[in-house]
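Below: the structure, in structure tokens.
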Amino acid sequence: MDRDALNVVPEAAADPVGRPRAGGPMRALRVGQFRRYFLGQVVSASGTFVQQTALGWAVLNKTGSASTLGLVLASGGIPFLLFGPFGGTLADRIDNRRLLLVTQTCYGLLALALWLPALSGGLSIPLIVSVSLLGGFVQIADSPARLAFVGQLVPVADLASAISLNGVIMNSSRVIGPAVAGVLIVEVGTTPCFALNAISYAVVVLALATIHPSSTVRRSATRSGVSDAIRYVRRHQQLYLPLTMISVVGLVAFNFNVVLPLLAKDTFHGGGGTYGLLSTVLSVGAVAGSLAVGVIGHPRRVYLLAAALAFAGCLTFAAAAPNLPMESVALLLSGFAGYVLVTMASTALQLHADPAFRGRVMALWVFVYLGTTPIGNIASGWLSAAAGPRAVLLAGAGSCVVAAVMASRVHTPPDVDAQLPAAATG
């Protein structure tokens with residue numbers, strides 16, 4: 001078989017470690033620099049989800065329209081939809097730590113731009129859309145840089161653990177953020193949520209300022225860009241498969257930011273507390289799913305297929321749940337299955353991508369997973385307005401079945417597992 005078709009992380013292949021380190025899926029936290037990065041990102045991402053939850057609720061209360069909610073939430077993803085893959089070129093050419101210091105500071109300033117008008121009652125839909133659009137431009141550089149930066153903070157033997165824990169950052173924040181937002185919305189309203197998010201970025205900037213990665217990454221000295229990354233991915237089925245699966249699932253099945261407010265308010269006739277409950281149980285499942293991937297180790301094709309089918313079943317259960325307790329259970333299971341799938345796909349990409357291409361590969365990942373959010377949010381808003389949020393959940397289940405069919409037809413090289421470092425399979 002062509003050696004290029006079995007490409008693995010070059011430094012991983014040469015790593016002398018013959019056995020995975022003890023400590024299970026949490027072992028990367030033993031590395032001080034990664035631990036500081038991890039804690040800073042948990043705080044910052046939690047603030048982001050506090051704000052996101054508050055924005056969804058504020059927009060729905062201001063407009064009362066599911067389609068408007070979808071359009072407003074979609075605005076933040078438009079820049080990434082148009083230009084997202086180009087951010088990976090920046091991540092491959094610029095020091096990731098310095099780039100992240102700039103992007104995280106910009107996010108903090110945008111949070112202030114929401115908080116200050118909210119204090120005076122001047123938070124309007126045009127302002128929300130404008131801030132969301134600017135945040136989308138920041139995300140173009142920030143997302144691939146964050147994902148690529150993880151690999152510079154730990155030894156190769158701990159890479160799989162670090163990738164899994166990086167998924168836990170977002171998913172644990174989905175637990176903490178909506179739970180905090182639910183309490184704040186009920187007790188004091190949405191305005192303090194924006195202040196909390198602005199303050200959270202100071203924590204991550206401080207953490208980044210204390211981190212100095214010991215490993216160096218070969219920066220691209222050529223003018224190669226997105227097209228080269230696409231050709232690189234197409235030559236490697238173990239990169240091509242997770243990207244194509246998530247391109248389908250991410251577009252249709254992960255529009256919970258549109259579905260959950262509508263389920264809470266219209267289907268179950270609840271308020272901010274109900275919304276916070278549904279968001280929290282989904283996120284608890286997501287955290288468990290991300291951690292489970294750290295136990296599984298190498299994300300083989302059959303695991304991706306099984307996770308896609310499990311996610312389809314859970315979304316179908318959520319669409320049919322007759323009451324709030326059953327819906328909570330269904331969303332808990334959906335979070336687990338969905339983020340097992342997402343974390344395994346992300347892990348596969350980072351384990352197999354050459355470091356010189358990693359930023360661009362992860363930019364493609366963010367593009368297919370999050371960059372298509374505007375299309376998915378708009379479509380979900382329209383479908384919810386026409387047939388209700390349960391129809392959106394059923395459509396998501398259908399997309400998971402399509403992804404499972406892809407996994408059954410696109411075969412990764414049979415001996416690729418043997419080419420991975422021992423740490424990746426442990």
Side-chain angles (χ1 to χ4, degrees), residues 26 28-55 76 91 94-116 118-119 131-132 134-139 141-154 161-185 188 190-214 276 279-280 283-284 286-287 290-291 366 370:
M26 308 291 286
L29 290 176
R30 296 179 178 179
V31 181
Q33 296 199 123
F34 179 78
R35 185 168 59 250
R36 291 196 295 276
Y37 173 80
F38 177 85
L39 294 174
Q41 286 293 320
V42 166
V43 172
S44 176
S46 297
T48 298
F49 282 104
V50 167
Q51 177 173 292
Q52 186 180 83
T53 303
L55 278 179
I94 300 176
D95 178 78
N96 291 156
R97 189 183 74 94
R98 294 179 180 177
L99 186 57
L100 289 173
L101 283 169
V102 173
T103 58
Q104 296 293 303
T105 300
C106 289
Y107 277 139
L109 294 174
L110 290 174
L112 284 175
L114 289 174
W115 176 36
L116 297 179
L119 283 173
V131 170
S132 296
L134 290 173
F137 281 105
V138 176
Q139 184 189 25
D142 181 78
S143 292
R146 278 191 293 108
L147 291 168
F149 190 52
V150 171
Q152 302 171 39
L153 299 177
V154 296
S161 170
I163 294 169
S164 174
L165 288 169
N166 196 49
V168 170
I169 290 172
M170 275 296 166
N171 296 329
S172 62
S173 303
R174 291 175 188 271
V175 176
I176 300 168
V180 172
V183 173
L184 291 176
I185 290 170
V188 294
T190 56
T191 299
C193 296
F194 308 130
L196 191 61
N197 187 39
I199 294 170
S200 73
Y201 282 106
V203 177
V204 72
V205 168
L206 180 62
L208 286 168
T210 65
I211 293 173
H212 301 281
S214 55
S279 298
T280 299
S283 301
V284 169
V287 171
S290 295
L291 285 173
V366 178
L370 298 177

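Sequential numbering from 1 along the given sequence is applied to the chain's residues.
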Answer yes or no: is there a donor N or O on one side and an acceptor on the other, between the side chain of [X] and the main chain of [Y], under 3.5 Å?
X: Ser44; Y: Gly40; answer: no
X: Arg97; Y: Leu208; answer: yes
X: Gln41; Y: Val204; answer: no

Inter-residue atom distance [X].[atom1] - [Y].[atom2], 0.5 Å rounding:
X: Leu100; Y: Ile211; atom1: CG; atom2: CD1; value: 9.5 Å
X: Gln104; Y: Leu99; atom1: CD; atom2: CG; value: 10.0 Å
X: Arg98; Y: Ile94; atom1: CZ; atom2: CD1; value: 10.5 Å

Query raised in the report: Please walk me through it: do Leu114 and Leu55 pass side-chain contact (heavy atoms from CB on, under 4.5 Å)?
Result: CA-CA 10 Å; Leu114 289 174; Leu55 278 179; 4.3 Å; yes
Listed by chain and number, what are the side chain to side chain contact (heavy atoms under 4.5 Å, CB included) partners of [X], not counting sequence neighbours?
X: Ala195; answer: Trp115
X: Val203; answer: Val43
X: Leu134; answer: Leu110
X: Ala111; answer: Gln51, Asn197, Ala198

[Y] side chain reached by [X] side chain, heavy atoms, under 4.5 Å:
X: Leu153; Y: Val31; answer: no
X: Leu101; Y: Val205; answer: yes
X: Val150; Y: Arg146; answer: no
X: Thr105; Y: Val102; answer: no
X: His212; Y: Gln33; answer: yes

Requested in this report: Just jot down the side chain to side chain donor-acceptor pair (under 3.5 Å) partners of Thr210, sequence neighbours excluded, or say none.
Outcome: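 By the side chain to side chain donor-acceptor pair (under 3.5 Å) rule, Thr210 matches Arg36.
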Query - Those residues that, when tested against Ser132, pass side chain to side chain donor-acceptor pair (under 3.5 Å) (two or more places apart) - result: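 Per chain and number, Ser132 pairs via side chain to side chain donor-acceptor pair (under 3.5 Å) with no residue.
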Shortest non-hydrogen contact between [X] and [Y], atoms and distance:
X: Ala148; Y: Asn96; answer: CB-OD1, 3.8 Å
X: Thr191; Y: Ala118; answer: OG1-O, 3.5 Å
X: Ala145; Y: Ala141; answer: CB-O, 3.4 Å
X: Ser200; Y: Gly47; answer: OG-CA, 3.9 Å
X: Leu165; Y: Phe38; answer: O-CE1, 3.4 Å
X: Ala54; Y: Ile185; answer: CA-CD1, 4.1 Å

Report task. With sequence neighbours excluded, tell me which residues meet ring-ring contact (aromatic ring centres under 6.0 Å, His included) with Tyr201. Result ->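 ring-ring contact (aromatic ring centres under 6.0 Å, His included) check on Tyr201 returns Tyr107.
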Query - Residues which pass ring-ring contact (aromatic ring centres under 6.0 Å, His included) with Phe149, listed by chain and number, not counting sequence neighbours - result: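 Result, ring-ring contact (aromatic ring centres under 6.0 Å, His included) vs Phe149: Tyr37.
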